[in-house]
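Notes follow the structure.
Given the structure is predicted, the values throughout are model-derived calculations rather than measurements. Numbered from 1 within each chain, the chains take letters A, B, ... in sequence-line order.
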Amino acid sequence: MKQLTPHELEQFLSHLAVRYELRLPILLADGTRTIGSPDDGSVVLHGGAVPGKPTAAFFPQQDTIFTASQGTFSQTLPPVKPLCILGFTPADLHCLRFIDRFFGDGMRDDLYFRLRQGAVVAGITGYCGVRGALLPPAGGNCDFELFWSGENWLVRAYGATGAELVAELPNQATPKEEELFTQALATAPDSGAILLQTASQLLRTNRVPDSFWEEIGERCIACTGCNVTCPTCTCFGVLDWRSATKVERSRTWDSCQLDGFMREASGHNPLGSAALRSRRRIHHKLAADPLKWGEISCFRCGRCDATCPTGIGIMAVAQELVARFG
Amino acid sequence: MKRTLTVCPYCGTGCMFYLVSDNGRLVGVEPSSSHPVSRGGLCVKGWNAFAFVHHPERLTTPLIRKNGTLEPASWDEALDLVVARLTQIQRQHGADSVMFASSAKATNEENYLLMKLARAVFQTNNIDHCARLCHSSTVTGLAETFGSGAMTNTISCIDETDVIFVIGSNTTEQHPLIGSRIMNAVRSGTRLIVADNRRIRLARQADLHLRHTNGSDVPLLCGMMHVIIAEGLADTKFITTRTENYAALAESVADWTPERSAAETGLEAADIIAAARLYAGAERAMIFYSMGITQHSHGVDNVRCVASLAMLTGNIGRPGTGVNPLRGQNNVQGGCDMGALPDLYSGYQKVSDPENRQKFATAWRVPALPASPGLPLTRAMDAASEGKLFALFVMGENPLISDPDQHHARRALENLELLVVQDIFLTETAALAHVVLPAACYAEKEGTFTNTERRVQHLCKAVEPPGEAKTDGEIICAMAKKAGYDGMSYASQSEVMAEIASLTPSYGGISYDRLAPHGMPWPCPTPEHPGTPILHHEQFTRGRGHFSPVSHSLPREQTDADYPLVLTTGRTYFHWHTGTMTRRTHLLDREEPTSFLELHPDDAARLSIRHRDRLLVTSRRGSIQTEARVTTMVIPGVVFMPFHFAEGAANCLTNNVLDPESSIPEFKVCAVRLEKLP
């Protein structure tokens, strides 16, 4: 494992920026954090997950699929330099692993892999969460991770690309700091994971009555924030813009919290109430995905709970559900 | 990727977000996580606010009607024509033969500039905007009672109040981040009263839901005040020390026993008593209201009653209290503040006052300014339909869909010798114009918007306008120059704000360098002043709060055998007004793709109408086709329609009858009949 002082990290990032289009957590004008270019704000690696969906780096809110114009057909090209994204928390890296599998399964999503293929992903872990809270080591799911020990960034590579990138870093981590990393790696899973497992079990054994979803649905204002901030939400809608000279087809994030998401051409909607849509949102992550993918697809990043104006993000709902029916 | 912190263009809540752009194209939205109102959240319109900006139907070049067809023209050609025709019409018919419609979608600076163009360059006070259709009764009613026609408290006051009384506001749909905050407060123990006969989301979570009949707000509020006085729940100290004319109010509500109030409203007397006790018994209570109060032929009287109720219980001037009219448009507060009104300069300074006229004339370097108030927008449409108004310049409004009685509106617009429309899309109104001017949208310009809590916020430019489109401000200033006026050349929008501040006491201390990151609330009279979150703290803006007694009048159109149902109109969560932007936003248009009419299952059964049947809806003004939505959202005898849709336009049916004081139309009540279409 390598070690970097904060100043050496800056140099390392500059080095990476030669080969890659670098994006990492930055602070915007009003204190909002996001993953962006270091030219667009001061770099702030501390503070935990950024509020926006980090997987937007590869699956943006709106993306052009193709443009057809007067006999020509064009698609957006991959970036000149591949992306290098820092700022994924351990939970975010699980999300990325999950959607990598989703977009690669069966019909490979070429739009996603246009940006994802060849990209370098680095996790940010260690004692750099909100107010210095520990973000447990990722232990994989990325090319390398940067673990904040409190004084230095420890750098651990995974896979060939990661190993190549960190190979030339001169300083090895001290045994004491390596020990800190090892100890953090052994941290027990948080109570949130157990909560979601319990909620998942309740859903899969049909122990949550419809009346519960009626209550949750009453509180849903259909802002769609839960979906648009969720790193494992991958639904999109496709639209064509036609003008006299061209057709532009693009896709944009969709939301299962909208009536139109499942409405049939006849007008009938199998998810025609907020209660059914709220149930679907939670059920999909906690009950349907475990069947299809073998794991719950919520990794407790906290974004839907943070953005929901009425407090019905997945963790809040799971808590309520387990408290009442567990 | 570039991120630009700016203000949402939809409702008056004033959420701020970052527009995400890549190579000059918007690709998404990220909410501001530190904004005091949005706090990291947005509604569905906010999350999709980028999606219409590059739509292929954006206007990209000026258009001039030639041989009945709108054809592309140069800016010089278009503006020369507009100025020449306006001048010619004024020469022929007088200065007040032309009218300027400003826009609550445009910035403060642009509203100020259009107001200045109308008054200083074209020498008419015929300037107004769509506040006439939404909160003109608030401006009139609260100016009379409090001295200031704006929300008295802040949105964050919701977190510290004990009782919230929502009347005539579907807050979760029309101001979603405010409605959410109310929902959260209720979950934390705040008591909620909702007076609205639609079973809106807030009503379903209320301690008390009062489904009073349409247009019976005065009997309801007077009944509540009667109970408060009769049961000794009034705040006598507040009344004595802070208000005037209490005796007249007490006399006026003396006859409004709960039983009489119940008879007029269709409520139970016990519910009126319970509402009065709950509201008056709170240490801190807030009132929120919106179009359900204002859009009546007696809208000003409704507002007066709301103001009296708050003063009667001392719920003014403290955190967690207040009278809080929720302003609809992103900048309708600012449009009013900037004097885009026929009788007021910026800062609500009356044009009828010679000192004000002298002050503005001196600053604008013109010999004189017109003295008599101009036409309210609704009266201007009447004048046009009668052939008494000859030219209308419309900036960012779509009256053909938004004004009452569409046949009347069409007749008015088609009667004009000159109709100029400045907009971002070819709206239904623009399609009738003689000249169309392509404007930049909110994402393509700088300026300020003032939200419903009077917070002046900085709008920043994220991308370039399409084609040859220009900002509203650029177009207005170019017109002034073409008209030979040299007092409207500005190097930047901040210079315009400096001029506004120099002439507008409540904005006196506002400048762009003070607005980062999330703005400040007026009144802010000096550069050192921190802004004023809560109005009327120690005294009312007018000195003492004035109780204004009212008499009860019914909606002007009543149901009868031919038109047996009450139609009330409004908006839906997913669309904005006439749909110019939201109907070109994929997810929003998909969500509510068509016009619809809500009716109660009892009415549906009686008329053999099923859910999603096609209907013919007829009022005394006209007929439209729409789709039935059978629901208990409405009470028997009342049907509801949104007015967003040009096909199945609710405003083909509504009644162009105006409140005599504010000239607001009675959008909330007219009589219709339904027929099922084969």
Side-chain angles (χ1 to χ4, degrees), chain A residues 23 26 28-37 39-41 50-53 56-57 60-64 218-225 227-229 237-239 241-248 250 252-255 257-261 263 266-268 274 303 306-311, chain B residues 1-5 16-18 20 22 25-35 38-48 50-51 54-57 172-173 176-177 179-181 183-184 187 201 204-205 460 516-518 573-574 584-593 611-612 627:
Chain A
R23 294 191 199 155
I26 57 171
L28 299 173
D30 71 342
T32 300
R33 288 171 73 235
T34 190
I35 291 181
S37 161
D39 299 334
D40 295 336
V50 296
K53 178 174 183 140
Q61 188 169 1
Q62 184 161 48
D63 208 358
T64 303
E218 275 295 319
R219 291 162 63 188
C220 176
I221 63 159
C223 74
T224 71
N227 296 129
V228 298
T229 59
V238 174
L239 69 148
W241 273 354
R242 292 163 192 273
S243 65
T245 55
K246 67 176 181 180
V247 175
E248 185 180 290
S250 62
T252 185
W253 292 343
D254 208 335
S255 167
Q257 299 310 287
L258 296 175
D259 186 74
F261 183 80
R263 192 192 300 130
S266 68
H268 174 68
R303 288 183 177 84
T307 200
C308 177
T310 60
Chain B
M1 293 278 182
K2 187 179 94 172
R3 287 172 176 81
T4 307
L5 181 62
M16 289 187 77
F17 53 54
Y18 286 87
V20 185
D22 191 15
R25 294 262 298 191
L26 296 181
V27 292
V29 161
E30 291 179 10
S32 156
S33 53
S34 58
H35 189 263
S38 38
R39 301 189 299 181
L42 290 172
C43 77
V44 70
K45 292 189 287 292
W47 279 112
N48 287 279
F50 71 99
H54 306 297
H55 195 283
E57 290 170 10
T172 56
E173 299 217 357
L177 272 286
S180 303
R181 202 127 166 184
M183 285 170 63
N184 292 341
R187 287 185 65 76
R201 184 185 301 277
R204 302 196 291 266
Q205 305 183 16
C460 290
H518 301 137
Y573 173 48
F574 295 97
R584 292 180 173 92
T585 299
H586 172 63
L587 290 185
L588 302 178
D589 189 46
R590 186 188 70 182
E591 201 65 6
E592 292 286 9
H611 196 58
R612 301 189 58 236
E627 186 178 286

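- Summarising the geometry, atom CZ belonging to A:Phe261 is positioned 10.5 Å from atom CG belonging to B:Leu587; distances are rounded to the nearest 0.5 Å.
- Contact annotation for B:Arg590: both backbone and side-chain heavy atoms come within less than 4.5 Å of a heavy atom of chain A.
- For the pair B:Glu591 (side chain) and A:Gly260 (backbone), a donor-acceptor distance under 3.5 Å is present.
- Between A:Trp241 and the options B:His55, B:Arg584, B:His586, a side-chain contact (heavy atoms from CB on, under 4.5 Å) holds for only B:His55.
- Across all non-hydrogen atoms, the minimal contact from B:Ser33 to A:Arg33 is OG-N, 4.5 Å.
- Between chain A and the residues B:Glu592, B:Arg181, B:Arg25, the largest count of heavy-atom pairs under 4.5 Å involves B:Arg25.
- For B:Ala51, the part sitting under 4.5 Å from any heavy atom of chain A is the backbone (N, CA, C, O) and nothing else.
- The part of B:Gln205 that comes within reach of chain A is its side chain, from C-beta onward, which places non-hydrogen atoms under 4.5 angstrom from that chain.
- Among A:Pro51, A:Ser266, A:Gly36, the residue with the largest count of heavy-atom pairs under 4.5 Å with chain B is A:Ser266.
- When heavy atoms are compared at a cutoff of 4.5 Å, A:Asp63 does not approach chain B at all.
- Proximity to chain B (any heavy atom under 4.5 Å) is restricted, for A:Val238, to the backbone atoms N, CA, C and O.
- The CZ atom of B:Arg201 sits 6.5 Å away from atom SG of A:Cys220, with the distance rounded to the nearest 0.5 Å.
- Both the backbone and the side chain of B:Met1 have a heavy atom closer than 4.5 Å to some heavy atom of chain A.
- In this structure, B:Asn184 and A:Thr310 have side chains that are in contact, with non-hydrogen atoms separated by less than 4.5 Å.
- Contact tally against chain A (heavy-atom pairs below 4.5 Å) for B:His518, B:Arg187, B:Glu57: the top residue is B:Arg187.
- You'll find the side chain of B:Phe574 stays beyond 4.5 Å of the side chain of A:Asp259, heavy atoms only.
- Of all the listed residues (A:Thr64, A:Asp40, A:Ile221, A:Thr252), the one sharing the greatest number of non-hydrogen pairs under 4.5 Å with chain B is A:Ile221.
- Taking CD of A:Gln62 as the reference point, atom CG of B:Asn48 lies at 9.5 Å (rounded to 0.5 Å).
- Under 3.5 Å, the side chains of A:Asp30 and B:His35 contain no donor-acceptor pair of N or O atoms.
- Taking A:Arg242, A:Glu218, A:Gln257 one by one and counting their heavy-atom pairs under 4.5 Å with chain B, the maximum is reached by A:Glu218.
- For a residue to count as touching a neighbouring chain, one of its non-hydrogen atoms must lie under 4.5 Å from one of that chain's; by this rule B:Leu42 touches chain A with the backbone only.
- Residues A:Glu248 and B:His54 have side chains not in contact (no heavy-atom distance under 4.5 Å, counting atoms from C-beta outward).
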* Full working for side chain to side chain contact (heavy atoms under 4.5 Å, CB included) between A:Thr307 and B:Trp47 -> CA-CA 11 Å; A:Thr307 200; B:Trp47 279 112; 3.7 Å; yes
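- Test A:Thr32, A:Thr229, A:Thr34 against B:Glu30 for side chain to side chain donor-acceptor pair (under 3.5 Å) and you get one pass: A:Thr34.
- Chosen from A:Val228, A:Leu258, A:Asp39, the residue pairing most often with chain B at heavy-atom distances under 4.5 Å is A:Leu258.
- Interface remark: of the candidates A:Ser243, A:Ala244, A:Gly311, A:Gly225, A:Gly225 forms the most heavy-atom pairs closer than 4.5 Å to chain B.
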